[in-house]
Amino acid sequence: MAAVGYGVSDFVGGIASRRVAALRVVIVSYPMSIVIVAVIAPFFGGSLTVESIAWGLASGVAGGLAVWWFYLALASGPMAVVSPLTAVLVAGIPVVVGIGMGERPGILAFVGIALALVAVVLVSKESPDETTGEVAGGREMRFTRTVAWLTVGSGVAFGFAFIFLHEIGSDGGLWPLLASRISATAVVWAVALATSQFSPPHGEVLKLAMYISVLDVVGNAALLYAFHGSLLSLVSVIGSLYPAATVLLAMVMLGERVGRLQQVGMVLALAAVGMIAAA
């Protein structure tokens, strides 16, 4: 459910970002998610604790920084390199940390994790593969050292956002998620103001931003509750398969061509989820 929520959110966000700058969409969708969580949190119970709120705030800061760095990397670098590299870091870092914390999934789960990591890379690849040398506005998109640092920073930040969510206790309900959305909003608003992009969208894009905020809450809430009942190394890698939903929607709704490697990645993703669930 988390992977689907993230994937559909990325699809809607991609459509909105074709009309206005991505940051302009996020500065609206994030505060909307605060309102949604604030309204529904009382119905999920839970108690406010300093520890859970602190982990929630940390997750939001990491997520906000990750989004900012990811958009900067995409603005200057080839998506066919930036996207899969970010995705494998998002999936791989929580796995390494989880195992380092003493988690020991079974053999079947380890095989599923390996398949999932491969699937994330394949599904995230832009189609066709030749777009690695894409040109935007007469400017060739190169994977420079700056783009590389932004890509790695984004992937690491996203990965730690997952790790921080996992550290939230099960007695906090959705209140830690409210803290996460508040700190994430503070980050993207600060960036938007600093870069003179604090200009909310209007019309159809504003409506899309509302959809994104709902999907954002669904994805993060589902992941939060999934972490309560399982290992960081398993839940995070399944949650990281969200690009499969994005690609599938782009293929069905927009008629975009899906490369053979992406098709293989989607099949591997299904196999990986099945193996991890069975384990």
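Just the heavy atoms: all of them, side chains too, but no hydrogens, waters or symmetry mates, feed the values below. Since the structure is predicted, the reported quantities are computational estimates derived from the model, not experimental observations.
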Trainee: Where do Val95 and Leu232 land on the side chain to side chain contact (heavy atoms under 4.5 Å, CB included) test, with the steps shown first?
Mentor: CA-CA 7 Å; Val95 171; Leu232 169 65; over 6 Å; no
Trainee: Are more than 12 heavy atoms from other residues, nucleotides or ligands located less than 6.0 Å from atom CZ of Phe198?
Mentor: yes
Trainee: Under 3.5 Å, side chain of Ser230 to main-chain N/O of Ala226, donor-acceptor pair present?
Mentor: no
Trainee: Backbone N or O of Ala179 within a donor-acceptor pair of the Ser183 side chain at under 3.5 Å?
Mentor: yes
Trainee: For the residue pair Tyr225 and His228, categorise the inter-ring angle as parallel (less than 30°), tilted (30 to 60°) or perpendicular (more than 60°).
Mentor: perpendicular
Trainee: Between the side chains of Thr49 and Ser52, does any donor sit under 3.5 Å from an acceptor?
Mentor: yes
Trainee: Atom CG in Asp171, atom CD in Glu51: separation rounded to 0.5 Å?
Mentor: 9.0 Å
Trainee: Check this for me: Glu204, atom CD, are more than 12 non-hydrogen atoms of other residues, nucleotides or ligands nearer than 6.0 Å?
Mentor: yes
Trainee: Hey, are the side chains of Ile168 and Phe227 touching, using non-hydrogen atoms and a 4.5 Å cut-off?
Mentor: no
Trainee: Might you point out which heavy atoms bring Ser59 and Leu165 nearest each other, and give the distance in Å?
Mentor: OG-CG, 3.5 Å
Trainee: Would you check if the side chain of Trp189 reaches a backbone N or O of Ile27 as a donor-acceptor pair within less than 3.5 Å?
Mentor: yes
Trainee: For Ile36 and Arg181: C-alpha separation, side-chain torsions, deciding distance, then whether side chain to side chain contact (heavy atoms under 4.5 Å, CB included) applies.
Mentor: CA-CA 10 Å; Ile36 294 172; Arg181 297 301 84 199; over 6 Å; no
Trainee: Between Met32 and Val28, does a side chain to side chain contact (heavy atoms under 4.5 Å, CB included) hold up when you go through it step by step?
Mentor: CA-CA 6 Å; Met32 284 182 179; Val28 173; 3.4 Å; yes
Trainee: Same cluster for Val96 and Val237 if Ile/Leu/Val/Met/Phe/Trp/Tyr side chains link at under 4.5 Å?
Mentor: no
Trainee: Roughly how far, to the nearest 0.5 Å, is CZ of Phe70 from OG1 of Thr151?
Mentor: 8.0 Å
Trainee: Is Leu270 reachable from Leu268 through a run of I, L, V, M, F, W or Y residues, each pair having side-chain heavy atoms under 4.5 Å apart?
Mentor: no
Trainee: Determine whether Leu115 and Met275 satisfy the following criterion, side chain to side chain contact (heavy atoms under 4.5 Å, CB included), listing intermediate values before the conclusion.
Mentor: CA-CA 9 Å; Leu115 285 180; Met275 296 178 77; 3.5 Å; yes
Trainee: Can you spot which of Val188, Val187, Thr185, Val191 makes a side chain to side chain contact (heavy atoms under 4.5 Å, CB included) with Val26?
Mentor: Val188
Trainee: Find the distance between CG (Leu57) and CZ (Phe164) and round it off to the nearest 0.5 Å.
Mentor: 11.5 Å
Trainee: Has the side chain of Glu103 got a donor or acceptor atom that lies under 3.5 Å from a matching backbone atom of Leu231?
Mentor: no
Trainee: Does Asp216 reach the main-chain N or O of Ile212 with its side chain, forming a donor-acceptor pair under 3.5 Å?
Mentor: no
Trainee: Between the side chain of Ser180 and the main-chain N/O of Pro176, is any donor-acceptor distance below 3.5 Å?
Mentor: no
Trainee: Parallel, tilted or perpendicular: which describes the rings of Tyr6 and Phe162, with under 30° parallel and over 60° perpendicular?
Mentor: parallel
Trainee: Would you check if the side chain of Ser213 reaches a backbone N or O of Met210 as a donor-acceptor pair within less than 3.5 Å?
Mentor: yes
Trainee: Which of these, Val88, Val90, Leu89, sits in a side chain to side chain contact (heavy atoms under 4.5 Å, CB included) with Thr86?
Mentor: Val90
Trainee: Please determine whether the number of non-hydrogen atoms from other residues, nucleotides or ligands lying under 6.0 Å from atom CZ of Phe160 exceeds 12.
Mentor: no
